[in-house]
Amino acid sequence: FFQFSLILFIIRIQKTTEMTNYPFDFVVATGCYANIPNYYIGAISVSCWYPKWYGNPIVMRSLAPHGFKNDPLPEYIPKFKDLLSKLDPYEVSTEAKERTYNKARKRGLSDEEAGAITPIFLCWETPDRFCHRHMISEWLKKETGMFVPEVKLRNGNFQVIERKKKKKKEPNQLSLL
């Protein structure tokens with residue numbers, strides 16, 4: 001069933017001038033609330049709560065860091081990895097796709113139009129800051145081989161955002177001599 005769903009729902013990213021190096025297919029993506037308009041049908045909140053101004057996104061509580069959201073990173077990361085280890089990545093992506101499809105159909109979109117909408121897992125942090133949605137993306141990639149990009153939606157087109165990893169600064173060491 002999943003393979004059929006995957007084949008049925010894969011969409012092609014429309015190339016834009018800012019995205020010419022990304023002719024990849026993807027089933028789900030990640031983004032932040034600021035980069036995806038609140039009217040986007042495929043918006044899926046994976047945060048503990050979503051902004052009031054955002055409207056009515058689909059909510060997937062199973063991917064939210066309830067109970068440890070404010071923990072320091074050395075504690076947070078293992079807890080979130082443990083949360084993900086209890087989930088099936090194929091079921092997560094299928095649920096996201098099905099819930100997006102159902103929402104689109106309820107809004108009057110055709111079967112084909114509803115199937116072409118990409119679910120986007122949303123949280124608060126900007127793409128350059130640590131966020132659990134990046135851990136979700138890496139988990140899906142590792143477990144399924146899926147390409148799960150960080151995107152923004154502008155003028156009806158997805159634009160893939162390269163996550164820039166911050167370089168670790170070398171500690172300043174005082175010379176003892």
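Here the structure is a predicted model, which is why all the values come from computation and not from measurement.
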| query | Any ion pair linking Glu125 and Arg133 (charged N to carboxylate O, less than 4.0 Å)? | reply | no
| request: State whether Glu95 and Arg99 are salt-bridged, where the test is any N-O pair (Lys NZ or Arg NE/NH1/NH2 against Asp/Glu carboxylate O) under 4.0 Å. | output: yes
Test item: [X] side-chain N/O and [Y] main-chain N/O as donor-acceptor pair under 3.5 Å:
X: Glu113; Y: Ser110; answer: yes
X: Tyr54; Y: Tyr39; answer: no
X: Thr94; Y: Glu91; answer: no
X: Trp139; Y: Ser85; answer: no
X: Ser137; Y: Val148; answer: yes
X: Arg105; Y: Gly115; answer: no
X: His132; Y: Leu63; answer: yes
X: Lys103; Y: Glu98; answer: no
X: Asp88; Y: Tyr90; answer: yes

Is there a side-chain contact between [X] and [Y], using heavy atoms and a 4.5 Å cut-off?
X: Met60; Y: Phe121; value: yes
X: Leu83; Y: Pro65; value: no
X: Leu73; Y: Phe80; value: no

| field | Among Pro51, Ser45, Cys48, the one residue meeting side chain to side chain contact (heavy atoms under 4.5 Å, CB included) with Trp124 | value | Pro51
| field | Other residues, nucleotides, ligands: >12 heavy atoms within 6.0 Å of Lys81 NZ | value | no
| query | Are Ser47 and Tyr33 linked by a side-chain donor-acceptor pair shorter than 3.5 Å? | reply | yes
